Number of protein chains: 2
Amino acid sequence: MTDRSPLAESLAELGPIEGRRTLAAEIADRLRDLILLERLAPGAPIRERDLAEALGISRTPLREALRILEMDELVTYSATRRPMVADPDVTTLAQNLRVLGALEALAGEEACAQATDAELAALAAAAREMAERSDSDEPLAFFRRDMAFHSGIVEAARNPPLLRAHAQFNARLWRARFISSRRRLKRARTLEEHLDIAAALSARDAAASAAALRTHLGTAADNVAAARHDPGED
Amino acid sequence: MTDRSPLAESLAELGPIEGRRTLAAEIADRLRDLILLERLAPGAPIRERDLAEALGISRTPLREALRILEMDELVTYSATRRPMVADPDVTTLAQNLRVLGALEALAGEEACAQATDAELAALAAAAREMAERSDSDEPLAFFRRDMAFHSGIVEAARNPPLLRAHAQFNARLWRARFISSRRRLKRARTLEEHLDIAAALSARDAAASAAALRTHLGTAADNVAAARHDPGED
DNA sequence: GTCGATATTTTGGCATGCCAAAATGATCCG
DNA sequence: CGGATCATTTTGGCATGCCAAAATATCGAC
């Protein structure tokens, strides 16, 4: 590190100025996780005072966090401004899924032009590994691999705004996709499609990648719809 | 209106419960306009106290509004959390524009399936009218028609999440697109492309609509890049 | 005169408090 | 009893105040 005065140095050690985050952002992340994992049930009302106390913070940063989650559509407000955990219906989920499909298709295209060979190889390896472990993997582990594969594609596109938008829509759909993923019905198809996608990417065939991703997201939409109509099983 | 008790009625008249909005949301909208119209200059630091006072509100709702605009990427924060009006570079604008293109392409596809004949006719009429008025229109009026045409397509898709995402990205790009639109360089091409889009939509040809919108947004990207490299003129 | 240390001011983050409006519960009349 | 009315409590919205950290100004040494 560069030379600094004794005072400046001691200050630097105690208070890192880089990458500081606000409580609100931190809380938004925590709440996001709680919502995705259904520790906060969909449709459940959110009482600011209680939740703030439970989190050990005051209402001000909590309210800012709720604003963030409102933009993410993970928290909605009643007509009388009472906040609650979002609980989108099938139609809304399908609409979001189509947008996600368009975003991933674009990501696939851009990844063909922007990704390094190493990245594409890693994606291909991930798809292969998923296929091999398919039977042994626990639902959550399988699902995480699935999500990581998709996120990897978007990262490879090297388009930060796209990455953020993708993360946003992905979060909205996380729960629904996880639920439908637990029912192993179409795992085989999912895995095939992943391999198709990886192949198209490795060939740097933008059109094929986009097409493969679109049909894959279409499959996801079918799965979500099916899971909603026929809840039980797992 | 339905029968109500005298008391309930008088209360209803004074305090409309429907569609209530918060100050923060209101302020976010106002600030959005101020940013888009450059009454708040790109890159300018935002002092919460001053701005709150200027708006006649306290810092709390202003801060919540800034959170909203941060998600919209119209306000950014320095490493030390000092808020300022966003000032995206050309690369970022191009990246956002590609996302916007993907969103509009999807909107075009869905509009082909969802829009009413009347909506499509209105879009075609709008494109035609724009072409006719092309020479007489003031830059701002021309630009507003342009934006309205695009928004009309997205509305016709009847996909609320898509509509919101589109509005978000559109806002990010508003300034840049307006600036490039003022330089009338490629008005003719813009108008042609609008007619192409309208034609594809009227034919309810999803693939053609998507393709036309994509190339159109590509043109927009070129225009933005050109305007940045060669500022002056108008 | 310039650079660096230190004092001062400014700024954003968070907590607290108050208020109006909505939700809830008690009450009274039919 | 049932339903409307009124009292009570709860809740979210906003303003205010305090604090720590960053920015700026001040000063001093070389």
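All figures in this text were calculated on a predicted structure; none of them were measured in a lab. Per chain, numbering begins at 1; letters A, B, ... match sequence-line order.
Residue pairs meeting the side chain to side chain donor-acceptor pair (under 3.5 Å) criterion with at least one member in residues 33-45 of chain B, sequence neighbours excluded: B:Glu38-B:Arg175.
Using a 4.5 Å cut-off on side-chain heavy atoms (C-beta onward), B:Leu31 and B:Leu51 make contact. B:Glu64 has its side chain out of reach of A:Leu66: every pair of non-hydrogen atoms, C-beta onward, lies at least 4.5 Å apart.
For A:Arg81 and D:dG12, the CZ to C1' distance is 9 Å, given to the nearest whole Å. Between B:Glu26 atom CD and D:dG13 atom C1' the separation is 13 Å, expressed in whole Å. The distance between atom CD1 of B:Ile27 and atom P of D:dG13, rounded to the nearest whole Å, is 15 Å. Rounded to a whole Å, the CE atom of A:Met84 is 11 Å from the P atom of C:dA23.
A:Arg67 and B:Glu70 are not joined by a salt bridge, as no carboxylate oxygen comes within less than 4.0 angstrom of a charged side-chain nitrogen. For the pair A:Arg158 and A:Glu110, the salt-bridge criterion is not met [side-chain N within less than 4.0 Å of a carboxylate O].
Taking the six-membered ring where the residue is Trp, A:His150 and A:His216 present parallel rings, their angle staying beneath 30° rather than reaching 60°.
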Side-chain polar contacts of residues 162-169 of chain A - donor-acceptor pairs under 3.5 angstrom, sequence neighbours left out - could you list them?
| unit_1 | atom_1 | unit_2 | atom_2 | d |
| --- | --- | --- | --- | --- |
| A:Arg164 | NE | B:Glu73 | OE2 | 2.6 |
| A:His166 | NE2 | A:Glu104 | OE2 | 2.7 |
| A:Gln168 | NE2 | A:Met71 | O | 3.4 |
| A:Gln168 | NE2 | A:Asp72 | OD1 | 3.0 |

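Only A:Arg49, listed by number, bring a heavy atom of residues 39-51 of chain A to less than 4.0 angstrom from any atom of DNA chain C. Near DNA chain C, meaning a heavy atom under 4.0 Å from it, residues 57-72 of chain B has B:Arg59, B:Arg63 in order of number.
Under the 3.5 Å distance criterion, the side-chain polar atoms of B:Thr92 are left unmatched by any main-chain donor or acceptor of B:Pro88. Between the side chain of A:Glu53 and the main chain of A:Asp50, no donor-acceptor pair closer than 3.5 Å is present.
Remark: B:Leu123 CG to B:Ile197 CD1 distance equals 10.0 Å, nearest 0.5 Å.
Cation-pi contact between B:Arg144 and B:Phe142: absent, since separation from the ring centre below 6.0 Å together with deviation from the ring axis within 45° is not met. Under a cutoff of 6.0 Å and an axis angle of 45°, B:Arg182 and B:Phe178 form a cation-pi pair.
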Could you list, one pair per line, each protein nitrogen or oxygen that sits under 3.5 Å from a nitrogen or oxygen of nucleotides 23-25 of chain D, together with the distance?
| unit_1 | atom_1 | unit_2 | atom_2 | d |
| --- | --- | --- | --- | --- |
| D:dA23 | OP1 | B:Thr80 | OG1 | 3.1 |

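Atom CZ of A:Arg81 has more than 12 heavy atoms from other residues, nucleotides or ligands within 6.0 Å.
One end of the helix from C:dG1-D:dC30 to C:dG30-D:dC1 points its axis 0° away from the other end's axis, with each axis taken from 5 pairs and the angle rounded to 10°.
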